[in-house]
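The sequence lines fix the lettering, A, B, ..., with proteins before strands; numbering per chain opens at 1.
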Protein chains: 2
Amino acid sequence: MKPATLKQIAEQLNISISTVSKALKDYPDVSKKTKDLVNELAKDLNYKPNAFALNLRNKESKTIGLIIPEIVHHFFSSVIKGIISQAEEKGYLVIILQSNESYELEKKQIELLMNQRVDGILISLANGTADYAHLNEVLAQDKPLVMFDKIAKLVRCSKIVIDDRKAAYLATQHLIDTGCKRIAHFRGPLLPQNSIDRFLGYKKALEDNNIPYDPSLVYLCECGEHSFEEGKANAQKLLQDHNDVDGIFINTDLVAIGAINEFKKMGIKIPEDISIVGFSNWHMSSVISPSLTTIDQPGFLMGKNAFKQLHLEITNLKNNLPIVHQEIILQTDLLKRESTKDITAKKNKLHL
Amino acid sequence: MKPATLKQIAEQLNISISTVSKALKDYPDVSKKTKDLVNELAKDLNYKPNAFALNLRNKESKTIGLIIPEIVHHFFSSVIKGIISQAEEKGYLVIILQSNESYELEKKQIELLMNQRVDGILISLANGTADYAHLNEVLAQDKPLVMFDKIAKLVRCSKIVIDDRKAAYLATQHLIDTGCKRIAHFRGPLLPQNSIDRFLGYKKALEDNNIPYDPSLVYLCECGEHSFEEGKANAQKLLQDHNDVDGIFINTDLVAIGAINEFKKMGIKIPEDISIVGFSNWHMSSVISPSLTTIDQPGFLMGKNAFKQLHLEITNLKNNLPIVHQEIILQTDLLKRESTKDITAKKNKLHL
DNA sequence: CTGAAAGCGCTTACAG
DNA sequence: CTGAAAGCGCTTACAG
């Protein structure tokens, strides 16, 4: 059974399409009697306005596009959840595409979404993305665009991020505060700004505490599918290279958990021998033993804020109001758990 | 800058809109000269056909809807990935909604998607869904609908599933084959058919091996957010209630991992004292120690198949071909790892 | 080879 | 209070 149209209602009632349309929208210049007739029949026929026709007329589809590097990923799926929940509240639908960390795919997907004429685009960049022409093109066409987490500083649009550098600084400072003297870092890949910033935060904290920076203490991870194994491998390498390390700041929780597993297997005590701080607050991190001290990365909140900002820009554009790009920096908290030492306990001991 | 239209091209070239349209579509009855002119200008203006107009005319949007109980979930996010990857290949976009395991939300979202006039709908049911009127309504309106994983047997549409009962049977049989005599089961919630079937498979395997079924050996889990903690709690309870258990078949890997953690903490050896089999093959399961014997639940493949089937039905509907509903049962494998005993090793020993 | 006309389903300014 | 007309941007059967 095909969905009913205004035309059908009009014909059955022997009135014009315009009147039917106005009756359904409760225009004041339609008689009560006509309105009642129309509404009743519309209900009987289960009339729903044709979204395609509305889109064409209103030049908007109440649909946005989301491009994300990876879906099977705790942080990113939390962001998606935040975006969708907020979108649903405002009556928007979300088309999701996955770039697989590929610049080429990302470029194609931007085009797809532009051709689809979504009302706006939300994106977290692929690691491979170093050229921003496709993003600037979106902005040039006056299409609202908001970036989150993995952003390009040079693109002039709104951004929702955390302060990776500051968070990494705090993480490292916490290791120093709890007595670590020789602190290693398992860093993320070379490209996204985030792992660069985390590395820089680590380095800065060392400097500010007069601890010499030693590049041989920095190990690289892909932080992709094999994060856990990378953590184990790096833990092994680290022990071979340096037997004096007493603290590690690790780019991602999953890598940290791999490292912890390996250390435990080798009989190294955490936090007594080596203290560890992770990054992201994965759901397993609070639950393993020892539980992992880490930086809480607020994915759900980031998603919510990203959609809110996009929605604001879509609305302003529609109402010919000026669009002010925002850079929103979400707060990150250091969650102190068992993989680092408890300072208060230590202090108390000293005071005995 | 607003996107270009056929009208603009026509005006600039002083020809009719129809001719422009036909030139762009390479109709044979347009002169080469006109085609060249049109194509050149179209390229200059970066002309892209207006998707809203096409949707209205073609009565299709090359967009499907997906309703899923939970996004932040390893299995479901794998399914999503499979769906999106396959959809992209066929030129379809995917709108994702999350039902949060709520029947009410699910119902609303079905309506949303119907009003949006997506070309088809993919759904995995909320645990709370026991009434299927909203799903039958979709089918009554001739909209292709494919269910996966959490399905309703009574709804007459295509389904992509695994054979939960058989997989559970194999898991339990494996425990029996490796010498377990007293086998417990941590089962999932009462509602979705899947956990019922897994329970039934467990029970059937016991029967077929003349092991008496003991209801006090069956423990319930929500298998939601706190799966890990549930595993720990159930492990504790089990030890209090029964000190003779030597094997457990557990509804979900995450619960199993929680249980393993707890057992290890209590000094119970796995698999020597208690053997454990999980279900789903979560990415951590192969990587923890001892690694978890489990049933591989092919999420990505399920997503791919679900979209393929939906696409087939969409295409057939469009071409007025008959639609044959399929129930596709994907293969599940038992992955033998360290949390159960190695039979071959045992056999070898016996043969010495 | 080109173009006017009708139509997809809706809305709204305008006429009566 | 009701309806004819124009328009959103496109396609295609038909006329010339």
Side-chain angles (χ1 to χ4, degrees), chain A residues 1-39 41-42 45-63 114-119 141-142 317-318, chain B residues 1-39 41-42 45-63 114-119 141-142 317-318:
Chain A
M1 214 190 54
K2 295 283 148 222
T5 62
L6 292 185
K7 199 175 167 191
Q8 278 170 41
I9 297 178
E11 277 168 5
Q12 285 197 39
L13 257 33
N14 247 319
I15 56 179
S16 76
I17 294 176
S18 337
T19 304
V20 175
S21 173
K22 283 186 279 189
L24 286 170
K25 300 192 86 184
D26 206 22
Y27 273 42
D29 62 347
V30 177
S31 75
K32 173 94 169 55
K33 200 177 140 198
T34 308
K35 276 182 188 169
D36 288 348
L37 279 169
V38 169
N39 280 313
L41 185 55
L45 295 177
N46 191 27
Y47 171 79
K48 303 286 176 195
N50 182 312
F52 298 155
L54 291 180
N55 292 347
L56 178 58
R57 191 161 208 292
N58 303 333
K59 297 170 187 299
E60 65 167 8
S61 57
K62 299 264 181 192
T63 302
M114 289 302 284
N115 293 346
Q116 186 71 10
R117 283 171 159 72
V118 292
D119 295 349
Q141 307 221 5
D142 284 328
L317 181 70
K318 202 165 125 184
Chain B
M1 215 191 51
K2 295 284 151 219
T5 63
L6 291 186
K7 199 175 166 191
Q8 279 171 41
I9 297 179
E11 278 169 3
Q12 285 198 40
L13 256 34
N14 248 317
I15 56 178
S16 77
I17 294 175
S18 339
T19 303
V20 175
S21 173
K22 282 187 281 189
L24 286 170
K25 300 192 86 189
D26 206 22
Y27 273 41
D29 62 344
V30 177
S31 74
K32 173 94 171 56
K33 199 176 143 201
T34 308
K35 276 183 187 167
D36 288 348
L37 279 169
V38 169
N39 280 314
L41 184 54
L45 296 176
N46 191 26
Y47 171 79
K48 302 287 175 196
N50 182 313
F52 299 156
L54 290 180
N55 292 347
L56 178 59
R57 193 160 206 293
N58 302 333
K59 297 170 186 300
E60 65 168 8
S61 57
K62 300 264 179 190
T63 302
M114 289 302 283
N115 293 346
Q116 187 71 10
R117 282 172 161 71
V118 291
D119 295 348
Q141 307 221 7
D142 283 328
L317 181 71
K318 203 163 125 185

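Put simply, CD1 on B/I15 is 10 Å from C1' on C/dG3, counting in whole angstrom units. When rounded to the nearest whole Å, the span between CD1 of A/I17 and C1' of D/dG3 equals 10 Å. At whole-Å resolution of the value, CG in A/N58 and C1' in C/dT12 are 12 Å apart. One atom, CD1 of B/I9, and another, P of D/dG9, lie 13 Å apart when rounded to the nearest Å. Atom NZ of B/K25 is separated from atom C1' of D/dT12 by 9 Å (rounded to the nearest Å). In this structure, A/L6 atom CG and D/dG3 atom C1' are separated by 14 Å, rounded to whole Å. Counting to the nearest Å, the C1' atom of C/dC10 and the CG atom of B/N55 are 14 Å from each other. Atoms NZ (B/K32) and P (C/dC1) sit 12 Å apart, rounded to a whole Å.
In this structure, B/F52 reaches neither bases nor backbone, as no heavy-atom distance under 4.0 Å exists between it and the strands shown. In this structure, B/L56 reaches the bases: a heavy-atom distance under 4.0 Å links it to at least one base atom across the strands shown. Residue-level contact check: B/D29 touches the bases, meaning some heavy atom is under 4.0 Å from a base atom. Within the 4.0 angstrom heavy-atom criterion, base atoms lie near A/S21.
Where A/T5 and B/N14 meet DNA chain C, the nucleotide closest to each residue was compared, and B/N14 sits on the side nearer the 5' end. Looking at which nucleotide of DNA chain D each of B/K22 and A/T34 is closest to, the 5′-most match is held by A/T34. Sequence order on DNA chain C of the closest nucleotides to B/T19 and B/A53 puts B/T19 first from the 5' end.
The one candidate from B/L37, B/V20, B/L45 that meets the side chain to side chain contact (heavy atoms under 4.5 Å, CB included) condition with B/Q12 is B/L45.
Counting only heavy atoms from C-beta on, B/L54 has its side chain closest to D/dT11 among D/dT11, C/dT11, C/dG3. Candidate nucleotides C/dC10, D/dG3, C/dG9 were compared by shortest atom distance to the side chain of A/S16, and D/dG3 ranks first. When each of C/dG3, D/dA4, C/dG9 is scored by its nearest atom to the side-chain atoms of A/R57, the top-ranked nucleotide is C/dG9.
When the side-chain nitrogen and oxygen atoms of A/Y27 are compared with OP1 and OP2 of C/dA13, none of them lie within a distance under 4.0 Å.
B/Y47 and B/L24 make their closest contact through CE2-CD1, 3.7 Å (heavy atoms, listed as atom of the first residue, atom of the second, distance). In terms of heavy-atom proximity, A/K35 sits nearest to A/Y27 at NZ-O, 2.8 Å.
In summary, A/K62 and A/D119 do not engage in a salt bridge, as defined by a charged side-chain N under 4.0 Å from a carboxylate O.
Taking 3.5 Å as the limit, the base of C/dA4 and the side chain of B/S18 contain a donor-acceptor pair of atoms between them.
Pair check for C/dC14 finds D/dG3; Watson-Crick or G-U wobble, both atom distances under 3.5 Å.
In terms of the side-chain hydrogen bond (donor to acceptor under 3.5 Å, both in side chains) criterion, B/S61 has no residue partners (sequence neighbours excluded).
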